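Before any comments, here is the structure.
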Amino acid sequence: MKADPNKPMARKQYERELRELHGELVKLQEWAKHAGGKVCIVFEGRDGAGKGGVIKAITERVSPRVFRVVALPPPTERERSQMYVQRYVPHLPAAGEIVIFDRSWYNRAGVERVMGFCTEEQAKSFLQIVPSVEKAIVDSGAILLKYWLEVGQEEQTRRMEERINDPRKIWKLSPMDLKSYSRWYEYSRARDEMFRASDTAWAPWYAVHSDDKRKARLAIISHILSSVPYEDLPREKIKLPKRQKPHGYEEVNFARNWIG
C-alpha cells in the first residue's frame, strides 16, 4: 500500500530521517572547513511559514562557528542612508563558512514593499539590481541557495492562533505580523513579482510547501546536501587517552552553591 502523500509525517519517521541528514550536515561542515567552501542560504516566506523551524533543524547538530545564522534587526538611521544591500554584505560567507539568512535582502521585495516601508520606485529598483548583486556573490565562489516556504491560508491562521494562545510562542507574534496577516494577496503579488525578477539561472528560487513542517524540513535539508559538492573526508580513528593518576589529590566541596 502506498503512503498517503497528504498524511502528516509521523514523528518517529521524521526523527529517524533527520538523524541521518544531521550526519550528512556534519560531513558538509567538515568539508567546508577543509576545502574553504562558501555557502549562502536564504530563507523567505510569509509569517508562520516555518523558517525558524527549518533553520533550527539544520543547525541543532553542527557548529555555530561554521553554520552562522543571520537575522538582522530593523535598519538604523545610518543603514537606511546606505545602498540597500550594503548592510547584508559584511555577513556573506568567507571560506569555511555556511551562512543562513533568516530573511534577507528580499525584505525590500516583500515586507518593506507591502507594509509601505519603502516606495514602489525603491522596490522596483531593488528588483532590477538584485540579479546582478547575486551574480557577483556566485562569481566570488559562493554557492547561493534561495528557499521560499509557502504556507496555506488555513495553516497560517492555525499557527498564528497558536502563537496567541501558547505562552511559549507569544514572543513570535508582533504587531507587524498581525498587519501582514491581513494582507495575504498583497504579499502574493509581491512574491510573484519577486520570483519573476530574481529567479535566475545563477541564483534560482526553490519553493516548498510547508503546511507539513516535518516534510518541508527534510526536503530542504536534502536539497541543500544535494546542491553542495561536499565529500566525506577520511577521519582518523579516535581513542580516548588514559587519565592521569591523582597523585594524592582528594575531591573537595569546591562550590558553595549547588543547584539540581
Side-chain angles (χ1 to χ4, degrees), residues 5-6 8-9 40-59 69-75 84-85 88 99-120 122-124 126-127 130 134 144-166 168-200 203-221 223-224:
N6 297 317
M9 175 173 278
C40 181
I41 306 172
V42 169
F43 284 107
E44 295 288 345
R46 304 176 193 271
D47 293 314
K51 298 179 293 296
V54 172
I55 293 171
K56 182 179 179 181
I58 293 171
T59 59
V69 178
V70 177
L72 297 184
Y84 179 72
V85 298
Y88 294 95
V99 175
I100 300 173
F101 283 92
D102 184 355
R103 292 199 183 278
S104 66
W105 45 91
Y106 283 102
N107 273 341
R108 173 128 298 181
V111 175
E112 291 190 12
R113 187 178 197 179
V114 172
M115 302 308 296
F117 296 145
C118 70
T119 65
E120 274 296 298
Q122 287 173 322
K124 290 182 180 298
F126 166 78
L127 290 174
V130 71
E134 293 178 347
L144 177 58
L145 300 171
K146 304 186 303 189
Y147 295 100
W148 175 270
L149 277 67
E150 181 66 13
V151 64
Q153 289 193 46
E154 291 183 8
E155 179 61 17
Q156 187 193 44
T157 298
R158 189 192 68 78
R159 293 178 186 178
M160 289 296 191
E161 289 175 343
E162 190 177 58
R163 291 180 181 183
I164 294 171
N165 298 318
D166 190 334
R168 301 168 300 173
K169 298 181 179 182
I170 190 64
W171 64 272
K172 293 184 176 182
L173 192 66
S174 69
M176 192 64 60
D177 294 334
L178 296 176
K179 289 181 181 178
S180 66
Y181 172 83
S182 68
R183 302 183 183 183
W184 176 274
Y185 293 105
E186 287 184 56
Y187 270 99
S188 294
R189 293 186 183 94
R191 175 204 60 200
D192 296 348
E193 188 169 348
M194 180 185 78
F195 267 66
R196 284 194 295 269
S198 60
D199 184 20
T200 59
W205 277 103
Y206 299 100
V208 58
H209 290 290
S210 62
D211 280 9
D212 188 322
K213 292 180 180 181
R214 293 169 183 166
K215 289 180 180 178
R217 291 169 190 171
L218 296 178
I220 290 170
I221 296 173
H223 188 270
I224 291 170

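A quick note: this is a predicted structure, and the numbers were derived from the prediction, not measured.
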| 4.5 Å side-chain heavy-atom contact, Lys146 and Ser104 | no
Scanning both residues in full, the closest heavy-atom pair of Leu127 with Ala109 reads CD2-CB, 3.8 Å
Quiz item: Under the 3.5 angstrom rule, does the side chain of Asn165 hit a backbone N or O of Glu161 as a donor-acceptor pair?
Solution: yes
Interatomic distance, OG1@Thr157 vs CD@Glu154, rounded to 0.5 Å, equals 7.5 Å
Exercise. Please step through salt bridge (charged side-chain N to carboxylate O under 4.0 Å, His left out) for the pair Asp47 and Arg103, ending with a clear verdict.
Key: CA-CA 11 Å; Asp47 293 314; Arg103 292 199 183 278; 3.2 Å; yes
Exercise. State plainly whether the residues Glu162 and Arg158 are in salt-bridge range, i.e. N to O under 4.0 Å.
Key: yes
In terms of ring plane angle, is the pair Tyr147 and Phe43 parallel, tilted or perpendicular, where the classes change at 30° and 60°?
-> parallel
Is the shortest side-chain heavy-atom distance between Tyr88 and Asn107 below 4.5 Å? yes
For Trp171 and Arg168, the nearest pair of non-hydrogen atoms, with its separation, is NE1-O, 3.0 Å
For residues 178-187, the salt bridge (Lys or Arg N to Asp or Glu O under 4.0 Å) pairs (sequence neighbours left out) are none
Are Trp205 and Tyr106 close enough that their ring centers fall under 6.0 Å? yes
Here the pair of heavy atoms bringing Leu173 nearest to Ile164 is CD2-CG1, 3.3 Å
Margin query: Go through it in stages, so that I can follow the logic: the residues are Met194 and Trp148, the test is side chain to side chain contact (heavy atoms under 4.5 Å, CB included), and I'd like the CA-CA distance, side-chain angles, deciding distance and then a yes or no.
Written below: CA-CA 11 Å; Met194 180 185 78; Trp148 175 270; 3.8 Å; yes
Salt bridge Glu120-Arg113, side-chain N to carboxylate O under 4.0 Å: yes
Checking side-chain polar atoms at under 3.5 Å, does Ser180 have a donor or acceptor matched by the opposite partner on Asp177?
no
TODO: Ignoring hydrogens and angles, tell me if any N or O in the side chain of Lys51 forms a donor-acceptor pair with the backbone of Gly45 under 3.5 Å.
DONE: yes
When every non-hydrogen atom of Ala190 is compared with those of Val114, the smallest separation belongs to CB-CG2, 3.9 Å
Exercise for the section: Could you verify whether a donor N or O on one side chain and an acceptor N or O on the other, from Arg163 and Ser174, lie under 3.5 Å apart? Expected result: no
Q) Any side-chain heavy atom of Gln156 within less than 4.5 Å of one from Ser210? A) no
Value for NZ (Lys172) from CE (Met160), rounded to nearest 0.5 Å, stands at 11.0 Å
Salt bridge check, Lys124 against Glu193: does any charged N sit closer than 4.0 Å to a carboxylate O? yes
Is any side-chain heavy atom of Val54 closer than 4.5 Å to one of Val208? no
Item to check | Heavy-atom side-chain contact between Asp211 and Val151 under 4.5 Å | outcome: yes
Note to self: Using side-chain heavy atoms (C-beta onward) and a distance below 4.5 Å, is Ile100 in contact with Asp102?
What the structure shows: no
On a heavy-atom basis, the closest approach of Val130 and Ser198 is CG1-CB, 3.9 Å
Taken to the nearest 0.5 Å, the spacing of Ile220 CD1 from Ile55 CD1 works out to 9.5 Å
Interatomic distance, CD@Glu155 vs NE2@His209, rounded to 0.5 Å, equals 13.5 Å
Exercise. Any side-chain heavy-atom pair from Arg217 and Met9 closer than 4.5 angstrom?
Worked result: no
I want to check something: taking the side chain as every heavy atom from C-beta on, are Trp105 and Val42 in contact at a cut-off of under 4.5 Å? yes
Output for pair (Tyr185 OH, Arg191 CZ), nearest 0.5 Å, gives 10.5 Å
Taken to the nearest 0.5 Å, the spacing of Arg46 CZ from Tyr187 OH works out to 9.0 Å
